[in-house]
Amino acid sequence: MSLSPLTSTVQVLGAPSERHEEILTPQALDFIGRLDAAFADRRLWILAERRRCSRNLASGTPLDFSLATAAVRADPHWHVAPPAPGLTDRRVEITGPPERRMTINALNSGANVWMADFEDATAPTWDNIIGGQLNLLDAIERRIDFTTPEGKEYRLGEQLATIMVRPRGWHLVEEHLTVGGRPVSASLVDFGLYFFHCAQRQLDAGHGPYFYLPKLENRYEARLWNDVFVLAQDLLGIPRGTIRATVLIETITAAFEMEEILHALREHSAGLNAGRWDYLFSLIKTFGHRTDFQLPDRARVTMTAPFMRAYTELLVRTCHRRGAHAIGGMAAHVPGRDAAANEAALAKVRLDKEREAEDGFDGSWVAHPGLVPVCREVFDGVLGDRPHQIERTRDDVDVEACDLLSVRRISGPPTEDGVRANIAVALRYFDAWLRGHGAVALYGLMEDAATAEIARCQIWQWLRHGTVERDTVMKILDDETSALAQEDPAALTTEAHDIFLRTALDRDLPAFFTTDAYARHLVRRREVRS
Ligand SMILES: CC(=O)SCCNC(=O)CCNC(=O)[C@H](O)C(C)(C)COP(=O)(O)OP(=O)(O)OC[C@H]1O[C@@H](n2cnc3c(N)ncnc32)[C@H](O)[C@@H]1OP(=O)(O)O
Ligand SMILES: O=CC(=O)O
C-alpha cells in the first residue's frame with residue numbers, strides 16, 4: 001500500500017522510561033498517526049451519538065430493537081468467520097492487567113485464553129500503558145522470565161493461553177500522545193501499538209492478533225472498529241480477516257443490537273461476551289433517573305435476576321445462530337486467605353459457571369488462577385470432548401424488549417450495609433486506581449473500574465430518588481475515609497474522597513469516573529520543546 005505523508009505527527013508527551021523507545025518507535029508512532037488521521041473524527045461523532053442517544057432515552061424515548069436493521073436480524077444466511085487458530089476451544093478465559101508477573105501467571109494458568117486488559121483492570125498511567133505493551137511483546141518473544149530479589153522464579157511454561165488484548169474504550173484518550181496538540185484516542189493507542197508490534201509475531205507463532213472490544217453502545221461503534229481493523233491490516237500487509245475480536249455486550253443499548261454488532265464485524269468476529277458488571281453500570285447510568293429502574297444493594301443483584309437471564313440467554317442464542325462463540329462473564333468472588341472463605345468463593349463461582357455452561361455458553365471468564373480448575377471442570381462436564389457448543393442454537397429462547405428491561409421485579413430499598421459497602425469499595429478502589437492498580441481484591445471480591453462504577457452510580461441513584469438521605473451518605477463517607485487513612489497511612493484519601501464527591505454526589509451523573517479522574521490525577525506531561 002502506498003502511503004501519503006501525514007500532515008501532523010504524533011508527539012510523545014509521556015516521560016521517557018526504561019525501554020519505552022522499543023514501543024514508541026518512529027514507525028509505530030507513524031502507524032498510530034495514520035489510524036488517528038483516519039478515525040479521530042468518527043470517534044468524536046460516535047461520542048456525540050452516545051450523548052444524543054442518552055438524552056433521548058432520558059426524555060422517555062422507548063428502547064427497542066431497531067426497525068432499520070430488522071432485515072439483518074431476519075436474514076438467516078449470514079455467519080461470522082470461523083474461529084481462528086487458538087480460539088476454537090475457549091472454555092476457560094482468565095483476565096487481568098498486563099503487569100509483568102501477572103502476565104506470566106496468566107499465561108501459565110491453564111486457561112485457554114488470557115484477556116490482557118488495558119481497560120477496567122488497568123489504571124491508565126503512562127508507565128502501565130507502555131509497560132503493558134512491553135510485557136506483551138516480551139511474552140510473545142519469550143523473554144519475560146525473571147527472578148524476584150527473594151528468589152521466586154517466574155518462567156513461561158510450554159502450554160500457554162492464547163492472548164486477547166482489551167484496548168481502552170472509545171470514551172478515553174491517551175493524553176501522553178498527541179497530534180496537533182490533541183490527545184489520541186486511547187483505543188487506537190492500545191490497539192495500534194499491540195497490533196503494530198505483535199500482529200506478525202503472533203501469526204508467526206501460530207496464533208494471531210486477537211482483541212476484546214469494551215463498552216460498545218451500538219452497531220456504529222462496531223463498524224468503526226471493523227474499519228480500524230481493515231485499515232490496520234492493509235497498512236501492515238496482513239490479510240484482511242486475520243484479526244479476531246470478541247465484543248463485550250456490556251451496555252443496555254448494545255443488548256438491543258447484538259445481531260447488528262456481530263454482522264458489522266462478521267469478517268473479524270470472535271463472538272460476544274456477557275460483560276455483566278459494566279452492563280449493570282450501564283443500566284443504572286441510562287435509566288438512573290427512573291424510579292422503576294432502582295436497583296437494591298449491589299450484592300442482591302445477581303445473575304439469576306430475570307432481566308439478567310434474559311440478557312445472557314439472548315446473547316447465547318444470537319451468537320450460536322451466527323456460528324459465533326458466546327463467552328460468559330466474571331464471577332466476582334476471588335479465593336481468600338483462609339480455607340473457609342476460599343471454599344465459599346469456589347462454591348459461588350461453581351454455581352455461576354454451571355448455570356452458564358447449562359445455558360449454552362462456550363466458556364467463561366475467571367479473575368484468578370485459583371479459579372481456573374473449577375471453571376474447567378464445569379465446562380468439561382458439559383462440553384466433554386467438544387471444543388464448544390455452538391450447535392446448541394437455543395431456539396427456545398424468546399426475549400423481548402420488556403424482558404431486558406424488567407428491572408422492577410427485583411427492586412427493593414437499599415440497606416445501610418449496602419450503602420456502606422458501596423462507599424467503602426468505591427473509596428478504596430479510587431485510592432488503588434490513583435496508585436496505579438486497576439484491579440484489587442476487597443472484602444473477598446474482585447473490584448475493578450466496572451464494579452467501582454456500579455458502586456458510585458448506585459449511591460447517586462439512591463440519593464436522586466431519596467431512598468437514602470444525603471446526611472447518611474456524608475456520615476458514612478467520613479467514617480470510611482477515616483478508616484481508610486487508618487488502614488493505610490499512604491492512602492490517597494483526599495483525592496479518593498474528591499473523586500467520590502465529583503462522581504457520586506453531583507446533581508448530574510458523570511458518564512465515567514475514569515475520564516475526569518484520569519485528566520486530573522494520572523496525566524503527567526513532560527515539557528516539550530518545539
Ligand atoms: C468486570 C470486568 O471487567 S472483569 C475483567 C477485569 N478485571 C480483572 O481482570 C481482574 C483480574 N484479577 C486480578 O487482577 C487479581 O486477581 C486481583 C487484583 C483481584 C487479586 O489479586 P491478588 O491480590 O494478587 O491475589 P492473590 O494474592 O490471591 O494472588 C495470588 C497469585 O495469583 C496471581 N494472580 C491473581 N490474579 C491473577 C490474574 N487475574 N492473572 C494472573 N495472575 C493472577 C497473583 O499475581 C499472585 O501471584 P504471585 O504469588 O506469583 O505473586
Ligand atoms: O467487562 C466486563 C464486565 O463484566 O463489566
Side-chain angles (χ1 to χ4, degrees), residues 92-111 113-123 128 132 135 139 146-148 150-155 160-161 163-166 168-169 212-216 246-252 254 272-285 298 301 303 308 311-312 315 327-338 341-342 345 349 352 364-372 375 425 428-429 432-433 436-455 512 514:
V92 187
E93 301 197 342
I94 190 167
T95 70
E99 290 164 7
R100 207 154 181 87
R101 75 168 69 183
M102 281 177 105
T103 296
I104 299 175
N105 287 339
L107 287 169
N108 285 341
S109 67
V113 166
W114 171 43
M115 193 278 277
D117 191 13
F118 286 96
E119 238 282 1
D120 295 329
T122 289
N128 282 350
N135 292 334
F146 72 100
T147 306
T148 64
E150 299 74 40
K152 184 165 179 185
E153 294 191 345
Y154 289 83
R155 302 269 176 270
L160 303 181
I163 298 175
M164 297 183 81
V165 169
R166 176 159 78 169
R168 285 169 284 173
Y212 254 104
L213 303 179
K215 296 183 171 60
L216 269 64
T246 299
V247 172
L248 287 132
I249 297 298
E250 53 185 358
T251 62
I252 182 70
L272 303 176
N273 171 295
R276 57 176 73 166
W277 301 106
D278 264 307
Y279 189 72
L280 285 169
F281 160 46
S282 162
L283 196 81
I284 304 170
K285 189 164 65 169
R298 197 175 70 144
V301 189
M303 293 310 290
M308 293 303 272
Y311 142 69
T312 52
L315 190 148
I327 306 297
M330 182 62 82
H333 293 86
V334 283
R337 304 267 172 241
D338 66 275
N342 226 355
V349 173
D352 187 63
S364 190
W365 273 13
V366 295
H368 191 285
L371 300 172
V372 169
C375 185
V425 162
R428 282 164 184 75
Y429 180 78
W433 189 85
H437 304 291
V440 278
L442 293 173
Y443 315 111
L445 298 178
M446 180 283 298
E447 302 288 351
D448 66 5
T451 61
E453 291 284 23
I454 299 175
F512 297 97
T514 42

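As the structure is a computational prediction, the values presented were derived from the model and not from experiment. Order of listing sets the numbers, starting from 1, for every ligand and every atom in it. Throughout, residue positions are numbered sequentially from 1 according to the sequence presented.
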Would you check if the side chain of W365 reaches a backbone N or O of T95 as a donor-acceptor pair within less than 3.5 Å? no
Considering only heavy atoms of A450, which atoms of ligand 2 have at least one such atom less than 4.0 Å away? 5 (O)
Looking only at heavy atoms, is any part of M330 under 4.0 Å from ligand 2, and if so is it the side chain, the backbone, or both, or is it neither? neither
N/O donor-acceptor pair under 3.5 Å between N108 side chain and R155 backbone: yes
Yes or no: does R166 have any heavy atom under 4.0 Å from an atom of ligand 2? yes
Main-chain N/O of G438 paired with Y429 side-chain donor or acceptor, under 3.5 Å: yes
Sub-3.5 Å donor-acceptor pair from the side chain of T251 to the main-chain atoms of L216, do we have one? yes
Do NZ/NE/NH1/NH2 and the carboxylate oxygens of E447 and R428 come within less than 4.0 Å? no
Checking S364 side chain against G329 main chain: does a donor-acceptor pair fall under 3.5 Å? yes
Evaluation steps, salt bridge (Lys or Arg N to Asp or Glu O under 4.0 Å), between E119 and K215: CA-CA 10 Å; E119 238 282 1; K215 296 183 171 60; 3.0 Å; yes
Give one line per pair: atom of ligand 1, protein atom, distance. Only N/O to N/O under 3.5 Å.
residue: ligand 1; atom: 3 (O); partner: D120; partner atom: OD2; Å: 3.2
residue: ligand 1; atom: 3 (O); partner: R166; partner atom: NH2; Å: 3.0
residue: ligand 1; atom: 3 (O); partner: D448; partner atom: OD2; Å: 2.9
residue: ligand 1; atom: 7 (N); partner: D448; partner atom: OD2; Å: 3.1
residue: ligand 1; atom: 9 (O); partner: T95; partner atom: OG1; Å: 2.6
residue: ligand 1; atom: 9 (O); partner: G96; partner atom: N; Å: 3.2
residue: ligand 1; atom: 12 (N); partner: A367; partner atom: O; Å: 2.8
residue: ligand 1; atom: 16 (O); partner: A367; partner atom: O; Å: 3.0
residue: ligand 1; atom: 27 (O); partner: R337; partner atom: NH2; Å: 3.4
residue: ligand 1; atom: 28 (O); partner: H368; partner atom: NE2; Å: 2.8
residue: ligand 1; atom: 29 (O); partner: H368; partner atom: NE2; Å: 3.4
residue: ligand 1; atom: 39 (N); partner: T95; partner atom: O; Å: 2.7
residue: ligand 1; atom: 39 (N); partner: A367; partner atom: O; Å: 2.7
residue: ligand 1; atom: 45 (O); partner: N105; partner atom: ND2; Å: 3.4
residue: ligand 1; atom: 47 (O); partner: N105; partner atom: ND2; Å: 3.1
residue: ligand 1; atom: 49 (O); partner: K152; partner atom: NZ; Å: 3.1
residue: ligand 1; atom: 50 (O); partner: N105; partner atom: ND2; Å: 3.2
residue: ligand 1; atom: 50 (O); partner: K152; partner atom: NZ; Å: 3.1
residue: ligand 1; atom: 50 (O); partner: Y154; partner atom: OH; Å: 2.5
residue: ligand 1; atom: 51 (O); partner: R101; partner atom: NH1; Å: 3.1
residue: ligand 1; atom: 51 (O); partner: Y154; partner atom: OH; Å: 3.3

May I ask you to check whether R276 has an N/O atom sitting below 3.5 Å from an N/O atom of ligand 2? yes
Would you call Y279 a ligand 2 contact, heavy-atom distance under 4.0 Å? no
Can you tell me which portion of D120 lies within the under-4.0 Å heavy-atom range of ligand 2? Options are side chain, backbone, both, or neither. side chain
When you measure from atom 2 (C) of ligand 2 to every protein heavy atom, which one gives the shortest distance, and what is it? E250 OE1, 3.4 Å
What residues, two or more places apart in sequence or in another chain, satisfy side chain to side chain contact (heavy atoms under 4.5 Å, CB included) together with A331? R276, V349, D352, K353
Without swapping roles, check the side chain of N273 against the backbone of G328 for a donor-acceptor pair under 3.5 Å. yes
Is it true that a side-chain atom of D448 and a backbone atom of T451 form a donor plus acceptor pair closer than 3.5 Å? yes
Start with the C-alpha distance between W114 and T103, add both sets of side-chain angles, then the distance that settles side chain to side chain contact (heavy atoms under 4.5 Å, CB included), and finish with yes or no. CA-CA 9 Å; W114 171 43; T103 296; 3.4 Å; yes
Could you check which of Y212, W277, F281 puts a non-hydrogen atom nearest to atom 4 (O) of ligand 2? W277
Using a 4.0 Å cut-off to any heavy atom of D278, which atoms of ligand 2 qualify? 1 (O), 3 (C), 4 (O), 5 (O)
Below 4.0 angstrom from a heavy atom of G275, which ligand 2 atoms are there? Numbered from 1 as shown, please. 2 (C), 3 (C), 4 (O), 5 (O)
